[in-house]
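A short write-up of the structure that comes next.
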Protein chains: 2
Amino acid sequence: MNIGKASEASGVSAKMIRYYESIELIPEVSRTAAGYRDYSDKDVHRLRFIRRARDLGFSVDQMSELLALWQDRDRASADVKRIALEHVAELERKAQQLMEMSETLSHLAGNCQGDSRPDCPIINELSEGWGSEKGDETAGSGCGSNKDKPED
Amino acid sequence: MNIGKASEASGVSAKMIRYYESIELIPEVSRTAAGYRDYSDKDVHRLRFIRRARDLGFSVDQMSELLALWQDRDRASADVKRIALEHVAELERKAQQLMEMSETLSHLAGNCQGDSRPDCPIINELSEGWGSEKGDETAGSGCGSNKDKPED
DNA sequence: GCTTGACCTTCCCATTGTGGGAAGGTTTAT
DNA sequence: ATAAACCTTCCCACAATGGGAAGGTCAAGC
């Protein structure tokens, strides 16, 4: 099976298949006389494993570990579980971060009239800021529209 | 004020300040006779604005829009609000994605013994998968440990 | 057989935002 | 004067992905 078919069958783009080969996430496959890569069902199975791992947000390094465990008939499921739970923690940490940003910002937007006037608590916060490390401004919410404008 | 002081005062690394200048997010500042960049308080204020926007996850393009609005004394707060709310939607979308991954994975991990035996529902799912587009396997949860091992 | 289009190959470039580091000039403090 | 600490530019790297060019190959139709 050539790379196009393998791509279709696995859901991994041909570009990425070549890339995964180049970084040695997957082994080099055999070639036809003309130099075309030739994929077996087993190769495709591995690519699908990879696609699913990527869909779960695993990095290439983690996938490399998972692939090794997959092929290790003597693996301890504890090893797989550890990788998975570390990744869960990372995913939650990132999601948490995004949601904190989102909440801060939608709170600010909630206080913004969103009309044709320039006064805007979002801009004011960006300009005066919560706890700049210099901390010498501690502006409440002056809302003086352009009172802080960099007189440009 | 040289770039080191401006960096310290703004919380933006010197490297990033030069980068922001190179992509024209910020204007070129004046130079000393020796060619050192020289930052005014106004420049530092702008850098702090940028740092806060970045802390809220805004992209360089969005920051560029926000900076323009900041300097526009005739801005409509609606414009700021629109950018903010679009960004909130994006943040929520990403957070949602991460949480979906996290939930799928912690569900799988919850069913994994995590002991020294090889049998592992996480590996099984990666190997057999929910709804591979070929859809010819639809494996429930055979859990045959190495029944799908690529006989390597 | 020959042409055409769809495929394959490798190689290079771009992305986003950030940092590392080298080679060389400057400032500052001892 | 000398050394440390800074600045300058330039290049490289990351992670994961795609775009595209230049050239070879395969399959189908005439």
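Throughout, protein chains are lettered first and strands after them, A, B, ... in sequence-line order, and every chain is numbered starting at 1. Any value given below was found using the heavy atoms of this structure, including those in side chains, with hydrogens, waters and symmetry copies removed.
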Legend entry - Whole-Å distance separating the CZ atom of Arg51(B) from the C1' atom of dG17(C): 16 Å
Inset, instruction - Write down the distance between CZ (Arg18(B)) and P (dG21(C)), rounded to a whole number of angstrom. - result: 15 Å
Legend entry - Under 4.0 angstrom between Arg37(A) side-chain N/O and dC8(C) OP1 or OP2: no
Inset, instruction - Treat primed atoms plus P, OP1 and OP2 as sugar-phosphate and everything else as base, then score nucleotides 23-30 of chain C 5' to 3': B for base contact with protein heavy atoms under 4.0 Å, S for sugar-phosphate contact only, - for none. - result: --BBS---
Legend entry - Transitive ILVMFWY cluster of Met99(A), excluding itself - 4.5 Å side-chain cut-off: Met99(B)
Legend entry - Closest contact, heavy atoms only, Leu85(A) versus Ala109(B): CD2-CB, 3.7 Å
Can you give each donor-acceptor pair under 3.5 Å made by side-chain atoms of residues 12-27 of chain B, sequence neighbours left out, with the distance rounded to 0.1 Å?
unit_1: Ser13(B); atom_1: OG; unit_2: Met16(B); atom_2: N; d: 3.1
unit_1: Glu21(B); atom_1: OE1; unit_2: Arg37(B); atom_2: NE; d: 2.9
unit_1: Ser22(B); atom_1: OG; unit_2: Tyr19(B); atom_2: O; d: 2.7

Write down the protein N/O and nucleotide N/O pairs, taken from nucleotides 11-16 of chain D, whose separation is under 3.5 Å; answer none if there are no such pairs.
unit_1: dA16(D); atom_1: OP1; unit_2: Val60(A); atom_2: N; d: 3.1

Inset, instruction - Report the residues that fulfil side-chain hydrogen bond (donor to acceptor under 3.5 Å, both in side chains) with Glu65(B), sequence neighbours left out, ordered by chain and then residue number. - result: none
Legend entry - Nearest-Å distance for atom pair CD/P, residues Glu8(A) and dC8(C): 10 Å
Legend entry - Length of the CD1-P vector between Ile3(A) and dC26(D), whole Å: 16 Å
Legend entry - Hydrophobic cluster (4.5 angstrom, side-chain heavy atoms) - remaining members for Tyr36(A): none
Inset, instruction - List for me each residue that meets side-chain hydrogen bond (donor to acceptor under 3.5 Å, both in side chains) alongside Asp43(A), sequence neighbours excluded, and say none if there are none. - result: Ser40(A), Arg46(A)
Legend entry - Whole-Å distance separating the NZ atom of Lys5(B) from the C1' atom of dC7(D): 12 Å
Legend entry - Short side-chain N/O contact to dT9(D) OP1/OP2 from Arg31(B), under 4.0 Å: yes
Legend entry - Any residue meeting side-chain hydrogen bond (donor to acceptor under 3.5 Å, both in side chains) with Glu90(B), in chain and number order, not counting sequence neighbours: Arg93(B)
Inset, instruction - Nearest whole angstrom, please: distance from the P of dC7(C) to the CE of Met1(A). - result: 16 Å
Inset, instruction - Find the distance Glu24(B):CD to dG17(C):P and express it as a whole number of Å. - result: 16 Å
Legend entry - Separation of atom CD in Glu21(A) from atom P in dT9(C), rounded to whole Å: 9 Å
Inset, instruction - Could you list the residues that satisfy side-chain hydrogen bond (donor to acceptor under 3.5 Å, both in side chains) with Gln96(B), not counting sequence neighbours? - result: Glu100(B)
Legend entry - Heavy-atom side-chain contact between Asp38(B) and Val29(B) under 4.5 Å: no
